[in-house]
2 protein chains.
Amino acid sequence: MAKSPRIQDISELANVAPSTVSHVLNGTASISDEVSERILAAARETGYLAKRRRKAAVALLPTVLLAASEANFPKSDRNYVSWTMLNAFRQECRNRSIRLIPQIDPGDKIIPENLVNAIERHKPQGVAIMQDDNYELIDAVHDLDPSIVILSGQDPSMRVDTVSPGNRFAAQMATDYLFRLGHRRIAHVTYGTRLIGQHRKMGFLEAYRESAHRMPPGAIIDVETFRPEVVTRNMLNWLSAQPRPLPFTAFFCAADNVAIGVMAALAEAGIKVPEDVSVLGFDNVESGKRQNPPLSTIHVPMEEIGHVALNLLEEARTLPKNERSARRVELGCRVVVRGTTAGPARSG
Amino acid sequence: MAKSPRIQDISELANVAPSTVSHVLNGTASISDEVSERILAAARETGYLAKRRRKAAVALLPTVLLAASEANFPKSDRNYVSWTMLNAFRQECRNRSIRLIPQIDPGDKIIPENLVNAIERHKPQGVAIMQDDNYELIDAVHDLDPSIVILSGQDPSMRVDTVSPGNRFAAQMATDYLFRLGHRRIAHVTYGTRLIGQHRKMGFLEAYRESAHRMPPGAIIDVETFRPEVVTRNMLNWLSAQPRPLPFTAFFCAADNVAIGVMAALAEAGIKVPEDVSVLGFDNVESGKRQNPPLSTIHVPMEEIGHVALNLLEEARTLPKNERSARRVELGCRVVVRGTTAGPARSG
DNA sequence: CTGAAAGCGCTTACAG
DNA sequence: CTGAAAGCGCTTACAG
């Protein structure tokens with residue numbers, strides 16, 4: 001570890017006395033803007049500001065409980081998206097020297113009683129709940145002492161903090177992007193009943209609703225799972241029942257894995273991407289880059305969720321519960337244009 | 001100002017040596033849970049933790065520019081809601097010794113060029129934009145050096161931070177509350193084209209969509225403005241065209257001022273609240289409490305928006321722009337039950 | 001508005 | 001895991 005930056009390092013870098021640095025950093029004397037700026041720049045450069053901030057948060061949150069169900073707890077990078085989130089969250093805890101205690105319930109739900117017991121036992125200052133759409137859970141824990149945050153989930157009753165990607169807005173933005181390319185007949189390929197998929201679908205519908213374009217009939221295509229092989233089977237089925245040329249010029253998929261399955265089906269049916277139809281994924285998964293052509297997609301900042309979640313837990317510790325409303329945070333996503341999106345075919 | 005708390009104060013309160021306090025506060029030695037807890041409690045009690053946190057943020061944000069248009073800048077508490085927000089924001093800047101520079105454009109829009117010039121001139125570290133639905137503005141400023149946050153607004157392109165009440169979720173929650181009271185035929189009284197109203201309407205529509213209940217025809221009632229006198233005139237008109245008993249058992253209003261106007265109209269038409277119909281407002285403004293009966297409403301934490309906005313601006317200064325996604329923060333609202341909501345009349 | 005110098009408060013190496 | 005003590009780093013009262 002590099003030696004911890006001191007005020008003296010800043011004063012040398014900025015060419016002023018250490019006392020001047022101290023004044024600027026604490027607002028204890030009014031120093032000229034020019035010198036102030038120079039000192040602040042040096043303070044940032046040496047890492048002094050970051051160090052001070054880090055220190056201020058230590059001890060606010062010595063222990064955090066990580067609650068998940070077996071089903072939602074990714075054991076490998078097969079479940080790439082939650083894997084990325086979980087690892088970034090763990091790393092962030094390490095950076096802040098927070099002790100992280102996992103509390104994993106078997107099955108596919110977190111059992112409220114188990115979580116309450118674990119809180120009783122470990123007395124954590126914060127609890128992070130992994131993407132669980134289980135609302136009795138919130139009833140059971142929102143009033144307890146530790147601060148609560150849900151990672152990649154929602155709380156419609158707005159009683160606990162949540163952090164998730166802005167799925168709905170991002171899907172709307174994605175659809176708008178396809179509109180801007182000239183597409184008018186876009187299909188949305190979606191699966192399952194998980195909230196994430198619901199929100200992405202809502203964004204798609206909203207984009208049509210707020211545009212001047214009419215959504216074509218049959219534009220929502222449901223597939224069974226997000227596993228590419230299954231999606232390919234489903235889509236080949238769907239394709240065989242469609243007229244040619246296809247009544248859609250673009251497929252906006254609720255996940256990259258779905259998009260990869262769709263691309264395989266299109267290839268098998270002899271339909272060219274992006275010449276005949278465009279395909280747009282969602283998640284920005286590694287394997288998307290290796291498709292041929294490489295998959296256009298929506299980048300979702302899963303690696304930032306942990307950082308934001310811990311900031312929320314820390315902030316919550318600095319304010320009394322009844323003076324602080326729950327925060328629902330959505331993180332901005334962005335379109336990543338690669339090879340599978342283009343303007344619609346002339347005849348399409 | 002009280003004397004600044006020192007480590008010694010904590011050590012006395014917690015009955016340990018100052019060095020032990022230092023270890024716990026910096027994580028430099030592992031101290032028993034019991035002693036740790038005692039020290040942390042004392043550290044919080046003396047205000048030491050809060051002091052350290054406050055100090056860590058000084059100098060991150062010496063100057064903030066407050067951008068608004070004349071029309072959006074409340075000059076008195078006639079515009080109670082934004083007035084509350086603005087004052088709390090100013091107070092929060094004072095607490096953090098941030099110099100706040102107002103930049104008010106005439107008319108009802110912030111002019112992007114003016115804001116860019118003001119940024120050039122004052123070189124603020126942060127810019128707070130007051131509730132402006134003007135998206136060219138974001139194009140013009142999102143890439144500049146200072147961090148940007150929009151107060152009580154949205155950014156569908158998800159490029160800058162925003163803080164606003166969770167209008168949509170809150171309206172959905174409000175409607176669910178009326179469902180739970182037994183109401184099935186609820187009207188939503190709304191006005192204008194401002195985004196806030198749109199979101200509240202969306203929440204109302206969504207509550208019906210996600211419920212088992214059918215939304216009755218004519219359930220969206222548009223009034224001209226939110227001024228109670230005008231609303232009363234509009235509603236008397238509307239009431240005169242309705243059969244008795246009314247086809248609705250509850251009025252969910254997009255603002256308290258609207259609800260106050262609705263109540264006056266109902267009184268004039270001899271319809272009793274809450275016996276004949278329930279009325280629910282939105283905003284929790286002071287004058288609602290003085291109605292007869294006192295108005296049930298949705299509390300909107302406007303006074304917290306400034307705090308959250310400054311936290312976002314500060315946090316943005318600690319991370320490089322390209323490593324940090326924009327945050328869209330919505331604050332939780334809650335139902336405040338007073339005298340104007342009850343179960344529907346038996347015959348209703 | 002800046003800097004030299006005194007001294008306060010915090011950290012840390014060490015003994016138990 | 002805790003505490004007494006040395007000394008480092010930061011703050012502040014003051015001169016210019």
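Here the structure is a predicted model, which means the values were calculated and not measured. Note on naming: letters A, B, ... go to the chains in the order of the sequence lines (proteins, then strands), and numbering restarts at 1 for each one.
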#### Entry: Side chains of E304(A) and S325(B), donor plus acceptor under 3.5 Å
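Yes, S325(B) and E304(A) have a side-chain donor paired with an acceptor closer than 3.5 Å.
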### N114(B) and Q103(B): side chain donor to acceptor below 3.5 Å
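No, because no side-chain N or O of N114(B) sits under 3.5 Å from a partner of the opposite role on Q103(B).
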Using nucleotides 12-16 of chain C, report all nitrogen or oxygen pairs with the protein that are shorter than 3.5 Å.
none

Please report the distance, rounded to the nearest Å, between [atom1] in [X] and [atom2] in [N].
X	N	atom1	atom2	result
E34(B)	dT2(D)	CD	C1'	13 Å
I10(B)	dT2(D)	CD1	P	16 Å
R6(B)	dG9(C)	CZ	P	5 Å
Q8(A)	dC10(D)	CD	C1'	11 Å
I7(A)	dG9(D)	CD1	C1'	8 Å

### Message
Identify the stems formed by DNA chain D, where each pair is Watson-Crick or G-U wobble with both distances under 3.5 angstrom and a stem is at least 3 consecutive pairs.
### Response
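Stems (3+ consecutive pairs) listed as C:1-3 with D:14-16, C:5-12 with D:5-12, C:14-16 with D:1-3.
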### Message
Could you report the tightest heavy-atom contact between Q154(A) and T162(A), atom names first, then the distance?
### Response
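Nearest heavy atoms, Q154(A) then T162(A): C-CG2, 3.8 Å.
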### Positive for side chain to side chain contact (heavy atoms under 4.5 Å, CB included) with H122(B), one of L65(B), V64(B), T63(B), V127(B)
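Looking at L65(B), V64(B), T63(B), V127(B), the match for H122(B) under the side chain to side chain contact (heavy atoms under 4.5 Å, CB included) is L65(B).
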### Query
Base, sugar-phosphate, or nothing for V16(A), non-hydrogen atoms under 4.0 angstrom?
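Result for V16(A) = sugar-phosphate.
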### Straight-line distance of S69(B) OG to M130(B) CE, nearest 0.5 Å
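Atom-to-atom, S69(B):OG and M130(B):CE are 8.5 Å apart.
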### Message
Distance check, rounded to the nearest 0.5 Å: K123(A) atom NZ versus L144(A) atom CG?
### Response
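Rounded to the nearest 0.5 Å, the NZ-CG separation comes out at 11.5 Å.
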#### Entry: Other residues, nucleotides, ligands: >12 heavy atoms within 6.0 Å of R99(B) CZ
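Result for CZ/R99(B): open.
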### Query
For dC10(C), does either OP1 or OP2 sit under 4.0 Å from a side-chain N or O belonging to Y48(B)?
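Yes.
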### Task
Kindly indicate whether the side chain of D161(B), heavy atoms from C-beta on, has any atom under 4.5 Å from the side chain of D155(B).
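Not in contact.
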